[in-house]
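In what follows, chains carry the letters A, B, and so on, assigned in the order in which the sequence lines appear, proteins first and then strands, with residues in each chain numbered from 1.
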There are 2 protein chains.
Amino acid sequence: MPETVNDTEKQIFDAAIKVFQRKGMAGARMQEIADEAGINKSMLHYYFRSKEKLFRQIFLISLKKFIGSVVPLLNEQNTWEQKVPLIIEYYAKFLTENPDLPFFVLSEIRNNAEEFLSEVKIEDILINSVFMEQLKNDMGKEKIRRINPVQIFLSIISGIIFPFIAKPMVKHVAKLDDNSWNEFINERKDIVSGMVINYLKQF
Amino acid sequence: MPETVNDTEKQIFDAAIKVFQRKGMAGARMQEIADEAGINKSMLHYYFRSKEKLFRQIFLISLKKFIGSVVPLLNEQNTWEQKVPLIIEYYAKFLTENPDLPFFVLSEIRNNAEEFLSEVKIEDILINSVFMEQLKNDMGKEKIRRINPVQIFLSIISGIIFPFIAKPMVKHVAKLDDNSWNEFINERKDIVSGMVINYLKQF
DNA sequence: GTCTATATCGTGATAGAC
DNA sequence: GTCTATCACGATATAGAC
């Protein structure tokens, strides 16, 4: 029988994810986490010792989810050109389901320096991915524009993540309600995909 | 003789800009602002009444600076194609000089809803800009791809602002020091510019 | 206007009964 | 393991002397 995580502990953890991702370390309140979990405040300390320790767990899980979950896609058995729209599609879905996660991760990284980044070895995972190799390969054959592949990946995630980060402002400027927001994002997916692929192939 | 702002008041204000933009409303401490300004803590209350009131002033100035300062560029007497690299160049410089500003603005907007956005009428300023009109014009003439112009502007700022927002992570993944970061951004400016212009013209 | 001292309150954390 | 009560501290804010 697999080790089953204590029920209360899981409730606290889920509540903490919600509150920390929404408010950040500085803005989050232990009381709010307790309320969200439907339990007593002192339970938080019983299970996690301190706010700092609870935060670290939440942050590391969020960081891994944010970065690591796209990795399988990068290493699929298809061309880089097929991967681009799939990566974008994946992030659009991910961001819709976890609207506060990227902002939270980026925010806390800014505060607590790179300390955390070293724990998750993104740099190698990303740089050595099949996707990156494929790009370098086609660049070597002069089939696509020769350019730092990190710039390409960055262009992809910038184009799709930033609108979610700036969602309130984007909705306000473009005068979107919830329905037209979804349309806007659908349109966006094609645009980002088209921009990146066009740019690589037309040179 | 023009109204000269009190010296202490200005010192406090400048210090508050620095601390609030760096730490956000929740993370900022009145003591830290006082230290930064080199004055006593109670002076903050003497001049600005409360943390909340001080914050509002700092935020509104930051918001206007973030959004409004690009407007003149959008209304220049040149083509949209000439404007694109200029806008990017402008933001790159702006972000280098104000590294914490965009993150701060986007962060606080997320917390305090759109309440603030209505005070600054970005939507009309941007939508009615010459840049947007020029795009719509060329779309009408089938000279460029027909698409929501907001998506174009969003692509530009996503491509250049996001890397700064995610700077620690980007530096870590791409293994950049301060010098190579600058090179990376220079390369980036051309890429974003090229992607947007290519995409509009090749269809 | 500027300082020191202090009030007031919110929050993380602990003690101890059950 | 879970609760109530309480501590200890830090942060905003104010009072009052100069």
Side-chain angles (χ1 to χ4, degrees), chain A residues 1-62 100 104 107-108 111-112 115-116, chain B residues 1-62 100 104 107-108 111-112 115-116:
Chain A
M1 186 167 142
E3 188 180 353
T4 53
V5 179
N6 180 295
D7 210 40
T8 306
E9 187 169 344
K10 177 157 172 45
Q11 277 172 20
I12 294 174
F13 202 77
D14 291 345
I17 288 178
K18 203 179 284 187
V19 175
F20 272 128
Q21 286 187 2
R22 184 76 194 78
K23 305 283 186 76
M25 170 65 181
R29 296 289 165 255
M30 294 295 265
Q31 185 61 60
E32 190 177 353
I33 296 174
D35 293 346
E36 180 72 36
I39 50 92
N40 193 281
K41 197 175 54 160
S42 54
M43 285 291 92
L44 302 185
H45 291 93
Y46 178 78
Y47 282 105
F48 295 93
R49 203 69 198 161
S50 74
K51 183 184 180 184
E52 178 69 28
K53 285 188 168 58
L54 177 53
F55 168 78
R56 284 189 72 90
Q57 288 198 38
I58 302 296
F59 178 78
L60 280 176
I61 276 224
S62 301
D100 296 318
F104 168 66
S107 173
E108 302 300 339
N111 300 336
N112 301 287
E115 170 196 355
F116 288 114
Chain B
M1 189 165 139
E3 188 180 356
T4 53
V5 179
N6 180 294
D7 210 40
T8 306
E9 187 169 344
K10 177 155 173 47
Q11 277 173 20
I12 295 174
F13 202 78
D14 290 345
I17 288 178
K18 204 180 281 188
V19 175
F20 273 128
Q21 286 187 1
R22 182 77 194 79
K23 304 281 185 76
M25 169 64 181
R29 297 288 164 256
M30 294 295 265
Q31 183 62 61
E32 192 177 351
I33 296 174
D35 292 347
E36 179 73 36
I39 50 94
N40 194 279
K41 201 174 47 162
S42 54
M43 284 291 93
L44 303 185
H45 291 92
Y46 178 77
Y47 282 104
F48 294 94
R49 202 68 200 159
S50 74
K51 182 184 180 183
E52 178 69 29
K53 285 188 168 58
L54 177 54
F55 167 78
R56 285 189 72 91
Q57 289 199 37
I58 302 295
F59 178 77
L60 281 176
I61 276 227
S62 303
D100 295 318
F104 167 66
S107 173
E108 302 300 338
N111 300 336
N112 301 288
E115 168 197 356
F116 289 113

Supply the atom-to-atom distance [X] [atom1] to [Y] [atom2], rounded to the nearest 0.5 angstrom.
| X | Y | atom1 | atom2 | answer |
| --- | --- | --- | --- | --- |
| A:Lys51 | A:Met30 | NZ | CE | 7.5 Å |
| A:Ile12 | A:Ile58 | CD1 | CD1 | 10.5 Å |
| B:Leu44 | B:Phe13 | CG | CZ | 12.5 Å |

Legend entry - Phosphate-side-chain proximity, B:His45 and D:dT14, N/O vs OP1/OP2 below 4.0 Å: no
Legend entry - Distance test, side-chain N/O of B:Thr8 to OP1/OP2 of C:dG1, below 4.0 Å: no
Legend entry - Selection residues 21-34 of chain A - residue pairs positive for salt bridge (charged side-chain N to carboxylate O under 4.0 Å, His left out), sequence neighbours left out: A:Lys23-A:Glu32
Inset, instruction - Starting from C1' on C:dT11, measure out to CG on A:Asp35 and report it in whole angstrom. - result: 13 Å
All N/O pairs under 3.5 Å across the protein-nucleotides 3-7 of chain D interface:
| residue | atom | partner | partner atom | Å |
| --- | --- | --- | --- | --- |
| D:dC3 | N4 | A:Ser42 | OG | 3.4 |
| D:dT4 | OP2 | A:Asn40 | ND2 | 3.1 |
| D:dT4 | O4 | A:Ser42 | OG | 3.2 |

Legend entry - Qualifying residues under side chain to side chain donor-acceptor pair (under 3.5 Å), relative to B:Lys18, sequence neighbours excluded: B:Glu36
Legend entry - By salt bridge (Lys or Arg N to Asp or Glu O under 4.0 Å) - contacts of A:Arg49 (at least two apart): none
Legend entry - Contact list for DNA chain D against residues 46-55 of chain A - heavy-atom distance below 4.0 Å: A:Tyr46, A:Tyr47
Taking the side chain as everything from C-beta on, heavy atoms only, tell me whether [X] gets closer than 4.5 Å to [Y].
| X | Y | value |
| --- | --- | --- |
| A:Phe20 | A:Ile33 | yes |
| A:Glu108 | A:Phe104 | yes |
| A:Arg56 | A:Glu52 | yes |

Legend entry - Aromatic ring pairing A:Phe59/A:Phe116, orientation class (parallel under 30°, perpendicular over 60°, tilted between): tilted
Legend entry - Neighbours of DNA chain C within residues 19-33 of chain A, by heavy-atom distance under 4.0 Å: A:Ala28, A:Arg29, A:Met30
